[in-house]
Structure formats: C-alpha cells, structure tokens
Amino acid sequence: MEMGARQREISVSEFFTKNRHLLGFDNPRKALLTCVKEGVDNALDACEEAGILPDLVVRLEVVANGEATPAVSQATRFRITVGDNGPGIVKQQIPRIFAKLLYGSKFHRLRMSRGQQGIGISAAGMYGQLTTGKPVKIISRTGARSAAHYFEVQIDTKKNEPRILENKQLDWDQPRGTQVTIEVEGRYQKGRASVDEYLEQTIIANPHVHLVYTTPEGETKTYPRTYNELPPSPREIKPHPYGIEFGMFLKMLHDTKSHSLSGFLAADFCRVSSALAAEMCKTAKLAPHARPRNIHGHAAETLYKTIQTTKIMAPPTNCLAPIGEQAILSGLYKQIKGEFYTAVSRPPTVYRGNPFIIEAGLAYGKRPEAAATEKKPADRPLAEGEEHEGDDELTRVIRYANRVPLLYQQSACATFKAVLDTTWRNYGVTQSRGALPAGPMVIFVHMASVWVPFTSESKEAIADYDEIRKDITLALRECGRRLGLFLRRRERAQGEFRRRNIFELYIEEVAEACNHLKGGKLNTEKLKAQLQKIANSRTGGMKTDETLGKTGSGPEGLPHSIIVTPEGIEGEVAAAVEGAGPGSSEIASAPRADLLSKESLPGKQSKPGPAGKIPKGKAAQLGLFAGTSSGSKKSHAKPGKAGKTSAARHKK
C-alpha cells in the first residue's frame, strides 16, 4: 500500500527539468546558443507565415550578478533579447506560447516550418528560470492601432502551466512585432558552434533576412538582406497513406468525421480519390459504405495491408519551401570567400510518406584578393610526402534542416555520412579514406521536409534513413561533377595562358623585324592586329569566352554556378546579388592577381603539375580561360604567313 501511494503523474515540465540535456542545455556555451536559436527560429517562422520580409534584432548583454560587470570571457550570466517585425501575438496566447511545454500550432500540421514540437522557446524560458530565477519578459503588438502588451511569465513545472507575474500595456516604438528577453547562465566564446557562427549560417540559408546582431562586447554586426523575395509559403497537406503506422490508422478510423469508409479514405488522406478509395475497399472485401468506427481487428489490418500494397501517387510538394539555387548561391557568395560556387536542388522524394527535398551547394577556392595577399610559407626543404602547413585544410560541412543550421552531433548526422561516402577524388579533390576531402572548400546541405527525422529532441542531427542519405549523395555528386569540370577547365586554361603569353611576347619583335626588312614601309599596327588575332584563335578564341560566360550567358555546362574572376562575378546569380542594392555585394576587382595558380617565386621551385609556371603579362590578367582549343592538341607551329615563308625558304 505504501509503494502504491508513492505513484503519481509526472508532468512534461518536470521531466525536462531533470533531463534538460535532451533539449540542448547540457553545457553553458551550448545553452546560450540554444536560447538564441529558439528565439530566432520563432521570429523567422512568424514573419514568413505573415508574408513579411524579416527584420531581426539579436542582442547579448553581460549581466552583473550583484557585483561589478565581469569581462565577457569571465561572464557566467547573459541577457538575451530577440526582436522581430512580425505580426505579433494576441494577448490571450502570449503566456501559453512562452511558458508551457508542448504547446504550439505546428505539431499537428503537415507543412514545412522551423519549429515542430512546441517545446523550443518555452524550454529556453524554463532554463532561464532554473539557472537565474528570472522570468521571461515579452512585448508584443499586433498592429499600429493596437496596444503593446508586456508580460512577465514563468512555468509551473508541476502542472506545466504558465504563471503570470506581470501583465500591463505600455508605449512601444515598434508598429508591430514581438520582443523576447531571457536571462540565463551561459558562456560566450567565438569560433565553431558559437552564437556568431549560428547567425552567419542562418543568413546563408535565409538571404531574405535583415539581421542586426549586438555582441556582448558591444560590437554591432549588420547582415543586410541580399535576396528581396520571401520563400514561397508552404501549404498544409493531409497525411499520405504510406506514412501511417497501423496504430495511428486505427486512431484515425475512430476519430474521423466521415460517415463512410470510402469517404474516410478520400477525405483524410492525400492522393486518394473516391475511385481509388472504392477500389481499395473492394480489394479488402469491405463495404465502401461501412461506418469507419465499426472497422477494427482483422478487417482493419486487412484494409491497412491493402493500402500499403496499392500504388498511390507520391504526396504533393507544395507543403515545402526549398531555398532555391539562386538564393543558395547568393547566400554562399555573400558569406563565404571563394572563386567557384554551385548549387543543386533535387526533385522531391518521400520517406515514410513524408515529402522532402534535398538541396546542396559548394564553395571552392579563395577570392582573387585573398589569393593575392596570402602569405606564402617559408621556403624550406620538405621530406618525402610532406606538405606545407595549410595544404591539408579539411573541407567544412554546414548542415541545415528546414533552413535552421545544425551545429552539433555532426558525426551522427546523415548529411555528414553522405559527404564521407562521396568519392571526391573523382572530381579532382584530395581525400583520404574515411575522411573529409582536403582543400579550401565548403559543402552546404539542406533538407526541407514537413517532418524532419531528428535523432533527439534537441534537433541537432538528421536520422540516417536510406532514402534521405541516397538523395543527399546524389546532390553531392552533381556538385562534385560541376567542380571537377571547373577544375579541369582551369588546368587547361593554364596551358592556354602560357601559349598566348608566348605569342604576345614575340608579336612586337616580329612586327619590328618585318618592318625593318621592308625598309620601314610596313604597316606594323595592322600586322600586330593580325598576329594578335592568330594568337587568340590558337588559344581558344571566342570558344573560351562563350565557355566562361563572357558573352553574358553564364558558364557553359555549369548551371546555377558562379565563377569569380578579378573582373567580377559570372553566372546566373549576378542579378540576385547585385539586386540587393549598393554595398550588398563586394565584388573583387582591385587586385588583378592570377587566380588560376600561384606564380613561383624567383629561385623557388613550384609544385609539379600539368600547368607549370604562368608568366606575367597581359595574358595572366585575362581571368579564366576554358574549353579545348583546336591548337592545344597540336604541335607548336609558327603562326601565319611568316611560318609558310620560312618553310618555303628552307625547302629551296
């Protein structure tokens, strides 16, 4: 009897209070990041659902705990403020949204959104309540004519209900929006998996966002909007028959409002027509007009198996809002310095009846100005197989799920496993067995789905479903093929540079010598133009310009790609980058360094390779050359009539 008296119900708030590590609050640095992440995700979802281009403000402040304000590196308590220009929240819903776990509008909807479970922002408030005892402070306003409401709330962990400490109206200078302030224990440190990196990666996947971030040191960072279009608004869909387990199917049979079995199948599932519903009932030997609540036991199991074996169209994809190739290129170009960018969107696919889309992007190399100012390592003898430091730089992988960066548990994520499984050596990139490829490269992978299968409640890694991993691998291979094409073109371009420069070095001397033989009566300018024309034709000519997009059509054979040259950028995203307004795109143009290969220093041997050393001069400044020219496979013959005259004299 005494043991039975001890049994009692446990609320979800009590459970997560003792197991807060499941929500991402397992150490102070990660806890600070999680609180910022939940506030930013909620703000972006609210703005996009209302059709408003997001303007976000994120502010971190060091809080003095009854003493003098400590240095940022020594601080253990921070005040987090996240504000947006969204539609605001109605007064009655504010306490439940911010002080009740598993309360929200997204759990029961099959449509793409950043939040899924109704835990995030209220869990951040609960963590602040546990570590500092301070309530969550909210200001929200639904319109310019409405009053701004101010709340201070905490969670009653025994009942999982909000406790309102203060509720009043106040004057607020914002016409609409929401501002949340949470005081938490944490640790601020820059670098990988930090608040700064999270916000930078958020801008890459959300180039339509304008963000102002104030660091604990007081520095203000502004991330301007580089894409002026909102992503398409996803629509809610009904569950697909292939994605329903048997227990859920029984529950749907009991809860449906339909009066007939065929009506239930056609109304409660997507991609099931009335004719298909009647056919499935006939195959299962059930009456189409039977009441759904009367279907149970063996009959329900037979109907469920019939549905799973019936050929049904894949679910619709208007419930998803992928980033898109141009927006990915715009974000990568703005935040990552490189010389080649590409992006791929895969066709929609299904796992367990849930539609999803995989998008991948890649940034390779360094900008021309970075390559020009880069310090070369000291010249010293190298042992066999040894390389200079920095030559083995590993590729960086940035992962996203529904536009949200994933910064932890990288090795447990299906995205990271797919990157490791891809054979990057086939595309001209160095890679050791079982490791990331080496080189100045950033790989971007995004999964958009109505229900992302995370490995835990903290939403840090994507589960390793075969369908998901296969689609990620295919997207990465397409990016790799485009990168390999670019690298092969660059290698051929080095040979074209060298040949054209040799021609140009002798054009002046040949013209002067011919003029001297003619007694000074030769039109040297005309001869130079003719020789220059021959040099251009022998080193690619118009084919080179067409391949590189000099004619305005973008890099041929490289759709949804950017090539950065000292003259600027080339590719489909140029309009998107430049359309953001002045100052939004920083195109490299001043240092006209050769971005194809580093020139060897005097007295220093360059690394062996197919390109060799590129001479200085006009040809080295012409940017990227590509395409296999007709002259590159032939022996070097003397150009023009001069070569014919010399051969004729030798014959005589």
Side-chain angles (χ1 to χ4, degrees), residues 191-193 197 200-201 203-205 323 325 328-345 358-371 374 387-400 405-407 410-411 413 415-446 472-491 493 555 558-565 569-571 573 588 595-598 607 609 611 624 626:
R192 292 294 173 89
E197 186 189 34
E200 289 172 2
Q201 292 193 14
I203 294 300
I204 293 175
I323 301 171
E325 289 96 341
I328 292 173
L329 288 173
S330 180
L332 287 173
Y333 176 80
K334 183 64 182 175
Q335 297 298 325
I336 297 172
K337 307 299 182 185
E339 60 182 287
F340 174 76
Y341 305 81
T342 190
V344 175
S345 277
I358 295 297
E359 299 178 292
L362 186 146
Y364 181 85
K366 299 176 182 178
R367 291 275 174 90
E369 66 272 24
E374 186 182 45
E387 293 181 341
H388 287 295
E389 292 183 5
D391 289 348
D392 56 349
E393 173 189 1
L394 288 180
T395 293
R396 179 184 170 199
V397 181
I398 51 179
R399 304 168 292 129
Y400 293 86
L406 309 177
L407 302 182
Q410 177 174 265
S411 59
C413 188
T415 297
F416 185 76
K417 294 175 182 177
V419 173
L420 292 181
D421 289 346
T422 304
T423 309
W424 295 95
R425 291 186 299 273
N426 295 343
Y427 312 119
V429 181
T430 306
Q431 182 186 24
S432 300
R433 180 176 297 178
L436 288 171
M441 185 165 68
V442 175
I443 296 173
F444 167 106
V445 179
H446 173 236
I472 296 174
T473 302
L474 292 174
L476 292 174
R477 286 176 181 173
E478 178 60 28
C479 288
R481 279 190 287 269
R482 296 179 187 177
L483 174 63
L485 179 58
F486 165 75
L487 293 176
R488 288 191 297 272
R489 287 181 177 182
R490 191 172 68 170
E491 289 179 4
L558 297 172
H560 305 299
S561 302
I562 301 177
I563 293 176
V564 181
T565 67
I569 63 173
E570 301 160 4
V573 84
L595 74 156
L596 297 181
S597 67
K598 299 176 184 177
K607 290 185 179 181
L624 289 172

For Tyr400, all residues meeting ring-ring contact (aromatic ring centres under 6.0 Å, His included), sequence neighbours excluded: Phe444
Is there a side-chain contact between Ile203 and Lys334, using heavy atoms and a 4.5 Å cut-off? no
Quick check: closest heavy atoms across Gln201 and Pro405, and the distance to 0.1 Å? OE1-CB, 3.6 Å
Would you find a donor on one side and an acceptor on the other, under 3.5 Å apart, between the side chain of Gln431 and the backbone of Ala435? yes
Separation between CD1 (Ile443) and OG1 (Thr422), nearest 0.5 Å, reads 7.5 Å
Thr395: which residues meet the side chain to side chain donor-acceptor pair (under 3.5 Å) condition with it, sequence neighbours left out? none
Using the rule side-chain contact (heavy atoms from CB on, under 4.5 Å), only one of Leu406, Val442, Leu407 pairs with Ile398; which is it? Val442
Results of side-chain contact (heavy atoms from CB on, under 4.5 Å) for Leu420 - residues two or more places apart only: Phe416, Leu436
Closest heavy-atom pair and its distance - Leu329, Ser561: CD1-N, 3.9 Å
Test ring pair (Phe, Tyr, Trp, His ring centres under 6.0 Å), reference Phe340, set Tyr333, Tyr427, Phe486, output is Phe486
Flag side-chain contact, heavy atom, 4.5 Å: Leu483 against Met441: yes
Heavy-atom closest contact (Leu476 atom, Ala360 atom, distance): CD2-CB, 4.4 Å
First locate atom CD of Glu393, then atom OG1 of Thr430, and finally report the distance between them rounded to the nearest 0.5 Å. 12.0 Å
Without swapping roles, check the side chain of Trp424 against the backbone of Val419 for a donor-acceptor pair under 3.5 Å. yes
Asp421: what forms a side chain to side chain donor-acceptor pair (under 3.5 Å) with it, not counting sequence neighbours? Arg469
Quick one: closest heavy-atom pair of Ser411 and Lys417, and the distance? O-CE, 3.6 Å
Does any part of the side chain of Leu362, heavy atoms only, come nearer than 4.5 Å to the side chain of Arg482, both counted from C-beta? no
Quick one: pull up CD1 in Ile204 and CD in Gln335 and give me the separation to the nearest 0.5 Å. 5.5 Å
Residues that Arg481 engages under salt bridge (charged side-chain N to carboxylate O under 4.0 Å, His left out), provided they are two or more places apart: Glu478
Tell me every residue that passes salt bridge (charged side-chain N to carboxylate O under 4.0 Å, His left out) with Arg192, counting only those two or more places apart in sequence or in another chain. Glu197
Which residues pass the side-chain contact (heavy atoms from CB on, under 4.5 Å) test with Thr423, not counting sequence neighbours? Arg425, Asn426
